[in-house]
Amino acid sequence: MKKTLILLCHPNIAESRLNKALIQAIHGESHVTLHDLYATYKEAKNIDVAKEQALLLAHERIVLQFPLYWFSTPGLLKDWQDRVLEYGFAYGSSGDKLQGKEFKIAVTIGSPEYAYQSGAYVQSSLSEILKPIETMAIFTRMLFTPTFAIHRALKISDEELAQKALEYRELLRQEDWTTSHAKYIAS
């Protein structure tokens, strides 16, 4: 199985029902490295860029796992992107280090799925909200693959959550994520 790096970015994982269930479902998967950014770095200024880049280089797949906060990522994940995905490493004339790596978003969301449609109360689709992250992946020449999302954080049943966690584990075991609508920029 392909070596997969999960960059978990949850400011309060101890209180998270959904993200904890996803992490528990993948416990013991030998091809998966879980890297908890909030447990590793308390502040953005402490991000070890060389260490983070080495982790990215050592894996074939990258997953950003986070709860949707105000229609975006938690702040530390944005800081991580700004520092780690630097010119000459992730983009630019010699910035091809992430080229060809499979990339996925795994996001947990409080609102129900129907809220993320045109005319619904959020007024934007999930795809529109996550477009900056998709663009980042494509710009750094990674293969953007379909998002894994769990909605209804406060109302999902234990049975539904257990099923979604199993789906996540099975997704991480799949040999090829790129066969279903991967997007990338050809070099």
Side-chain angles (χ1 to χ4, degrees), residues 2 4-27 29 31-38 59-78 80-81 85 101-140 142-184:
K2 293 182 180 177
T4 303
L5 174 64
I6 297 176
L7 295 165
L8 173 64
C9 197
H10 196 301
N12 191 2
I13 193 67
E15 299 296 321
S16 170
R17 184 170 163 242
L18 275 58
N19 281 278
K20 277 199 308 194
L22 295 179
I23 297 308
Q24 289 169 353
I26 62 167
H27 182 74
E29 295 291 316
H31 68 289
V32 175
T33 301
L34 177 65
H35 182 45
D36 184 339
L37 293 177
Y38 274 96
H59 293 82
E60 299 164 278
R61 293 177 164 166
I62 312 299
V63 178
L64 296 186
Q65 181 181 326
F66 59 92
L68 195 65
Y69 274 22
W70 280 107
F71 314 106
S72 188
T73 66
L76 184 60
L77 185 51
K78 177 64 171 96
W80 180 94
Q81 288 175 276
L85 304 179
K101 292 184 183 287
E102 295 174 27
F103 179 85
K104 184 171 292 297
I105 298 169
V107 62
T108 56
I109 305 158
S111 297
E113 193 169 356
Y114 67 78
Y116 291 87
Q117 299 177 38
S118 179
Y121 64 87
V122 172
Q123 296 294 316
S124 297
S125 70
L126 184 59
S127 179
E128 290 170 322
I129 290 168
L130 297 176
K131 194 68 166 174
I133 302 170
E134 177 184 342
T135 302
M136 175 273 303
I138 293 168
F139 189 73
T140 60
M142 290 189 279
L143 304 171
F144 182 84
T145 64
T147 296
F148 179 85
I150 301 179
H151 291 267
R152 299 182 303 117
L154 299 176
K155 295 186 179 184
I156 191 169
S157 71
D158 290 342
E159 295 77 22
E160 289 174 289
L161 180 54
Q163 181 59 41
K164 289 300 265 183
L166 290 176
E167 289 174 20
Y168 189 54
R169 184 180 69 203
E170 291 308 310
L171 174 67
L172 295 176
R173 289 178 174 174
Q174 285 179 3
E175 186 57 34
D176 189 6
W177 290 347
T178 64
T179 56
S180 57
H181 314 296
K183 300 177 188 177
Y184 63 95

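Predicted, not measured: the structure shown is a model, and the values here were computed from it.
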Asker: Kindly assign one of parallel, tilted or perpendicular to the pair Tyr121 and Tyr114, based on the angle between their ring planes and the thresholds 30° and 60°.
Answerer: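 Perpendicular, since the angle between the ring planes exceeds 60°.
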
Asker: Under the criterion side-chain contact (heavy atoms from CB on, under 4.5 Å), which of Leu64, Thr145, Leu143 is the partner of Lys104?
Answerer: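 With Lys104 as partner, side-chain contact (heavy atoms from CB on, under 4.5 Å) holds for just one option, Thr145.
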
Asker: I'd like to know if the side chain of Ser72 reaches the main chain of Tyr69, judged simply by a donor and an acceptor atom lying under 3.5 Å from each other, with no hydrogens or angles considered.
Answerer: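 A pair under 3.5 Å: no.
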
Asker: Would you say Phe144 and Leu130 make side-chain contact, with heavy atoms under 4.5 Å?
Answerer: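 Of all side-chain heavy-atom pairs linking Leu130 with Phe144, none is under 4.5 Å.
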
Asker: How many angstroms lie between CD1 in Ile62 and CD1 in Ile105, if you round to the nearest 0.5 Å?
Answerer: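 Going from CD1 on Ile62 over to CD1 on Ile105, the span is 13.0 Å.
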
Asker: If you look at every heavy atom in Ala115 and Val122, which pair is closest and at what distance?
Answerer: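 Minimum heavy-atom separation between Ala115 and Val122: O-CB, 3.1 Å.
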
Asker: If you round to the nearest 0.5 Å, how far is CH2 of Trp70 from CD1 of Ile129?
Answerer: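 These two atoms lie 11.5 Å from each other.
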
Asker: What class does the angle between the rings of Tyr168 and Phe148 fall in, given that below 30° is parallel, 30 to 60° is tilted and above 60° is perpendicular?
Answerer: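 Geometry flag for Phe148 against Tyr168: tilted rings.
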
Asker: Is there a donor-acceptor contact under 3.5 Å from the side chain of Lys20 to the main chain of Glu15?
Answerer: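 No: the side chain of Lys20 does not pair with the backbone of Glu15.
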
Asker: Is the closest side-chain heavy-atom distance between Leu68 and Leu126 below 4.5 Å?
Answerer: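 They are in side-chain contact.
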
Asker: Go through the steps to decide whether Glu167 and Lys164 satisfy the test side chain to side chain contact (heavy atoms under 4.5 Å, CB included), and finish with yes or no.
Answerer: CA-CA 5 Å; Glu167 289 174 20; Lys164 289 300 265 183; 3.5 Å; yes

Asker: One pair to check against side chain to side chain contact (heavy atoms under 4.5 Å, CB included): Leu7 and Trp80. What are the steps and the verdict?
Answerer: CA-CA 10 Å; Leu7 295 165; Trp80 180 94; 3.5 Å; yes

Asker: How about Lys78 and Thr73: does a side-chain donor come under 3.5 Å of a side-chain acceptor?
Answerer: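 There is no such pair between these side chains.
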
Asker: What's the shortest heavy-atom distance between Ala25 and Ala165, and which atoms?
Answerer: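 Heavy atoms of Ala25 and Ala165 come nearest at CB-O, 3.4 Å.
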
Asker: Quick check on side chain to side chain donor-acceptor pair (under 3.5 Å): which of Glu102, His59, Glu60, Gln174 does Lys2 satisfy it with?
Answerer: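 Result: among Glu102, His59, Glu60, Gln174, Glu102 is the only option passing the side chain to side chain donor-acceptor pair (under 3.5 Å) with Lys2.
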
Asker: As a test of understanding, state which of Leu8, Thr108, Asn19, Ile133 forms a side-chain contact (heavy atoms from CB on, under 4.5 Å) with Phe66.
Answerer: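 Only one option passes, and that is Ile133.
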
Asker: May I ask you to check whether over 12 heavy atoms, not counting those of Glu113, lie within 6.0 Å of atom CD?
Answerer: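 No - once you tally the heavy atoms of other residues, nucleotides and ligands closer than 6.0 Å, there are 12 at most.
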
Asker: Between Ile23 and Gln65, is the side chain to side chain contact (heavy atoms under 4.5 Å, CB included) condition met? List the steps.
Answerer: CA-CA 10 Å; Ile23 297 308; Gln65 181 181 326; 3.7 Å; yes

Asker: At what distance, to the nearest 0.5 angstrom, does CG of Leu166 lie from CG of Leu171?
Answerer: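 Leu166 atom CG to Leu171 atom CG measures 12.5 Å (nearest 0.5 Å).
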
Asker: My understanding is that only one of Ile109, Leu18, Ile156 makes a side-chain contact (heavy atoms from CB on, under 4.5 Å) with His151; could you say which?
Answerer: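 By the side-chain contact (heavy atoms from CB on, under 4.5 Å) criterion, His151 pairs with just one of Ile109, Leu18, Ile156: Ile109.
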
Asker: Could you work out, with salt bridge (Lys or Arg N to Asp or Glu O under 4.0 Å) as the rule, every residue matching Glu29, not counting sequence neighbours?
Answerer: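 So Glu29 forms a salt bridge (Lys or Arg N to Asp or Glu O under 4.0 Å) with Arg173.
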
Asker: Please find the pair of heavy atoms, one from Leu172 and one from Arg61, that lie closest to each other, and give the distance.
Answerer: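 Smallest interatomic distance, heavy atoms only, reads O-NH1, 3.4 Å.
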
Asker: What pair of heavy atoms forms the shortest contact from Tyr38 to Cys9, and how long is it?
Answerer: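 Distance-wise, the nearest heavy atoms are CE1-SG, 3.3 Å.
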
Asker: Closest approach of Ala106 and Val63, non-hydrogen atoms and distance?
Answerer: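 Taking Ala106 first and Val63 second, the nearest heavy atoms are CB-CG1, 3.9 Å.
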
Asker: Give the C-alpha distance, both sets of side-chain angles, the deciding distance and a yes or no for side chain to side chain contact (heavy atoms under 4.5 Å, CB included) between Phe71 and Glu128.
Answerer: CA-CA 10 Å; Phe71 314 106; Glu128 290 170 322; over 6 Å; no

Asker: Tell me which one of Val32, Thr33, Asp36 satisfies side-chain contact (heavy atoms from CB on, under 4.5 Å) with Ile6.
Answerer: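 The passing option is Val32.
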
